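Following: one structure in structure tokens, then a few remarks.
Predicted model, so just to flag it, every value in this text is computed and none were measured. All values below come from the heavy atoms of this structure, side chains included, with hydrogens, waters and symmetry mates left out.
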Amino acid sequence: MSLAKELFIETKKHRRRFNILIFALVIVAEMAFIYGNYHGKADLSGGWMLLFYNIPIMNCMFFSVAIAGFASRLMDIEHKGEMLKCLYTFSTPQRIYFTKYLYCAKSILILVAMQCGSILLCCRMLGFESNFPSKYLIIHGITTFITCIALLSIQLPLSFFYRNQAVSICVGIIGSFISVFSLFLPETFLQKLIPWTAFVTSGFIQLDWDRDTRESKFFIEKANYLPVLICLCWIILSIGLTLILLKKSGVEEHEKIASGKKTSRIILHKRPVELLKLKGSPAWIAFFIVPAISAAIGTVNYLGNIDILKDGWYSLWTQHTLFLCYFFMPVIIGIFTGCIWRVEHSGTNMNLIMTHQTPAKIVLSKYVATCFITSVSLSWVMTLYLISGSIIHMDGKLPSGLLLWLVMGILGSWSICALQVFVSLVIRNFVLPIILAFLSGFAGLVCIAKGVPYLTPYSLFDLAMNQKELGTADIGLFIISSIVYITVSIVAAILYLNHADVRTNE
């Protein structure tokens, strides 16, 4: 069978799965952010430069997660029901992998085309000059495409070789997280080695900000192609490593050798069942690794800008939680809820578990497990904050509302946990709830900026983690809103599970 025929089959395999919708949602989210923040505010004469400066920064946050989700969804169908074993009987692992690689590359080309079109559309919507030299649009499209292919070359092997798609998603989130924070640090060669940052480091629009007048001016400089060349090296290195691994891949099951000890006594686990299901899963690791990375980068960024960040402990808290709580914590919760529902969504496990447990017990046990790990993670965030302040010998007393920040943050996170438990129950696919959590975290930040922090559970959490906004917030309304979101989400999940038919496939 020719490669073109296999690519045609791959395209038909994903018919009506709406994979490209992930990329479309990302483009819409970026356009909404630009329109909401710059409509009627920017200088019309140089507005197009504003777009070429801000869009690569947003690509660092959105594109890496979107590509990880796309690659994961592309392999999800093969990892269900041992479908790879069937495919290996009439094709080779190399042909299967590179067919999917070409399918992804074609989809990424559509993504880049949509973004280039969105730049022209934003110029028209915002009244910016749209007759700028076309070479800048071409440079942006080429550098963005090569960077996306480099990320695909990293994400697709992870989705191919690991059945648990949480591994691929976590790598995409951590890469996005590191790249965004690295942009706040002084530019170094090491920054250019990170493929996730190539969206920005290869840019040709720079910002000149005057600290005295607080005026910002954009200017054009020669594009830096070194990050693009490094991305090409990442592509070659990743493809070479993948080929080696594909030669060693097979269809045999590696059976574990049982221990020689035998006993007639049955030992029951005393740990919670939902936590036992996650044994060996890396889903919970992100709750501790990502805050640690955030604390390290946030502390370094605070020390590098100490002449601007003059609020002491308050400024340090902002640097620690700026992106962690606004964007990545909702995604981590989405990954965790997807993992705890994935066991029930596989095969006929939901049929089995509902024969001896009520819908209420199933939903509540998963909700409690999610709230527990999230609360521990937020406590870890606070601990790292205090440790970092002590290491750098922070002046002044600890903020008086420190305990309130933690309590309200935990309560706000519980409302997100409730909603994500419901979403992961209804949407059986592992990736889509994570993408929705990422976009919802972004929408929550928009609600904070527009003065409607009680509109969504995600904006409630953002309000709780923003110490300045929390000082002017209505605590009673905050608590009531959180309880309402938690109650509505949990009741909806129980009613859905109680009345919906049990399905054994997508």
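You'll find the side chain of Cys104 reaches within 4.5 Å of the side chain of Leu74, heavy atoms only. Side-chain contact check for Tyr458 versus Leu419: some heavy-atom pair is nearer than 4.5 Å. At least one side-chain heavy atom of Pro195 sits less than 4.5 Å from a side-chain heavy atom of Leu151. Residues Ser176 and Cys60 are not in side-chain contact: their nearest non-hydrogen atoms beyond the backbone lie 4.5 Å or more apart. Ser238 places a side-chain heavy atom less than 4.5 Å from the side chain of Pro157. In this structure the side chain of Cys417 never reaches within 4.5 angstrom of the side chain of Thr337, judged on heavy atoms. Residues Leu406 and Val381 have side chains not in contact (no heavy-atom distance under 4.5 Å, counting atoms from C-beta outward). By the 4.5 Å heavy-atom criterion applied to side chains, Leu378 and Met329 are counted as neighbours.
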Check against side-chain contact (heavy atoms from CB on, under 4.5 Å), Ile149 and Phe145: CA-CA 6 Å; Ile149 293 298; Phe145 178 75; 3.8 Å; yes
Evaluation steps, side-chain hydrogen bond (donor to acceptor under 3.5 Å, both in side chains), between Asn59 and Gln115: CA-CA 10 Å; Asn59 287 349; Gln115 180 161 93; 2.9 Å; yes
Worked verdict on Ile22 versus Leu432 for side-chain contact (heavy atoms from CB on, under 4.5 Å): CA-CA 8 Å; Ile22 297 176; Leu432 290 183; 4.2 Å; yes
Between Ile373 and Phe336, is a side-chain contact (heavy atoms from CB on, under 4.5 Å) present by the stated rule, with each step listed? CA-CA 9 Å; Ile373 193 67; Phe336 189 83; 3.8 Å; yes
Residue pair Ile34, Met58: steps toward the side-chain contact (heavy atoms from CB on, under 4.5 Å) verdict: CA-CA 10 Å; Ile34 292 173; Met58 289 188 290; 3.5 Å; yes
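How far CZ of Phe161 is from OG1 of Thr242: 6.0 Å, rounded to the nearest 0.5 Å. If you take CD1 on Ile332 and OG on Ser413, they are separated by 12.0 Å, rounding to the nearest 0.5 Å. Atom CG of Leu445 and atom CG of Leu463 lie 12.0 Å apart (nearest 0.5 Å). Atom CD1 in Ile220 sits 9.5 Å away from atom CZ in Phe52 (nearest 0.5 Å). To the nearest 0.5 angstrom, Met75 atom CE is 14.0 Å from Tyr162 atom OH. Taken to the nearest 0.5 Å, the CD1 atom of Ile174 stands 12.0 Å off from the OG atom of Ser294.
Scanning all heavy atoms of the two residues, the minimum distance from Cys148 to Ile108 falls at CB-CG2, 3.5 Å. Scanning all heavy atoms of the two residues, the minimum distance from Pro457 to Ser415 falls at CB-OG, 3.6 Å. When every heavy atom of Phe461 is checked against every heavy atom of Ile416, the shortest pair comes out as CB-CD1, 3.5 Å. Nearest heavy-atom pair across Gly69 and Ile435 is CA-CD1, 4.5 Å. The heavy-atom pair separating Ile335 from Cys170 by the smallest distance is CD1-SG, 4.0 Å. Taking every heavy atom of both residues into account, Met49 and Ile205 meet most closely at O-CG2, 3.5 Å.
Applying the side-chain hydrogen bond (donor to acceptor under 3.5 Å, both in side chains) criterion to Ser459, with sequence neighbours excluded, gives Thr456. Applying the side-chain contact (heavy atoms from CB on, under 4.5 Å) rule to Ala437 yields the partners Gln420; only residues at least two apart in sequence or on another chain are considered. Applying the side-chain hydrogen bond (donor to acceptor under 3.5 Å, both in side chains) test to Trp341 and every residue at least two apart in sequence or in another chain returns nothing. Taking the side-chain hydrogen bond (donor to acceptor under 3.5 Å, both in side chains) definition, one finds that Ser168 meets it with Gln155, Ser159, sequence neighbours left out. Scored by the side-chain hydrogen bond (donor to acceptor under 3.5 Å, both in side chains) test, Ser375 finds Trp414 as partners (sequence neighbours excluded). In this structure, the side-chain contact (heavy atoms from CB on, under 4.5 Å) partners of Ala295, at least two apart in sequence or on a different chain, are His320, Leu384, Ser388. Applying the ring pair (Phe, Tyr, Trp, His ring centres under 6.0 Å) rule to Tyr101 yields no partners; only residues at least two apart in sequence or on another chain are considered. Qualifying side-chain contact (heavy atoms from CB on, under 4.5 Å) partners for Ile490, counting only residues two or more places apart in sequence or in other chains: Val363, Leu364, Tyr367, Ala418, Ile486, Ile494. Partners of Val446 according to the side-chain contact (heavy atoms from CB on, under 4.5 Å) rule, which considers only residues two or more places apart in sequence or in another chain, are Phe442, Lys450.
Side-chain atoms of Thr374 come within 3.5 Å of backbone N or O of Thr370 as a donor-acceptor pair. Formation of a donor-acceptor pair under 3.5 Å by the Thr147 side chain with backbone atoms of Thr143 is found in this model.
Between Trp405 and Trp317, the angle of the ring planes lies from 30° to 60°, which puts this pair in the tilted group.
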What pairs of donor and acceptor atoms, side-chain ones from residues 223-237 against any protein atom, are under 3.5 angstrom apart with sequence neighbours left out?
residue: Asn224; atom: OD1; partner: Leu226; partner atom: N; Å: 3.1
residue: Trp234; atom: NE1; partner: Leu193; partner atom: O; Å: 3.0

Which donor-acceptor pairs under 3.5 Å do the side chains of residues 197-204 make with protein atoms, sequence neighbours left out?
residue: Thr197; atom: OG1; partner: Gln191; partner atom: O; Å: 2.7
residue: Thr197; atom: OG1; partner: Ile194; partner atom: O; Å: 2.8
residue: Thr201; atom: OG1; partner: Thr197; partner atom: O; Å: 3.1
residue: Ser202; atom: OG; partner: Ala198; partner atom: O; Å: 2.5

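For residues 432-447, no residue pair satisfies the side chain to side chain donor-acceptor pair (under 3.5 Å) rule, not counting sequence neighbours.
Within 6.0 Å of CZ on Phe288 lie more than 12 heavy atoms contributed by other residues, nucleotides or ligands.
Under the 6.0 Å cut-off for aromatic ring centres, Trp380 and Phe287 do not qualify, their centroids lying 6.0 Å or more apart. With ring centers used as reference points, Phe23 lies 6.0 Å or more from Phe63.
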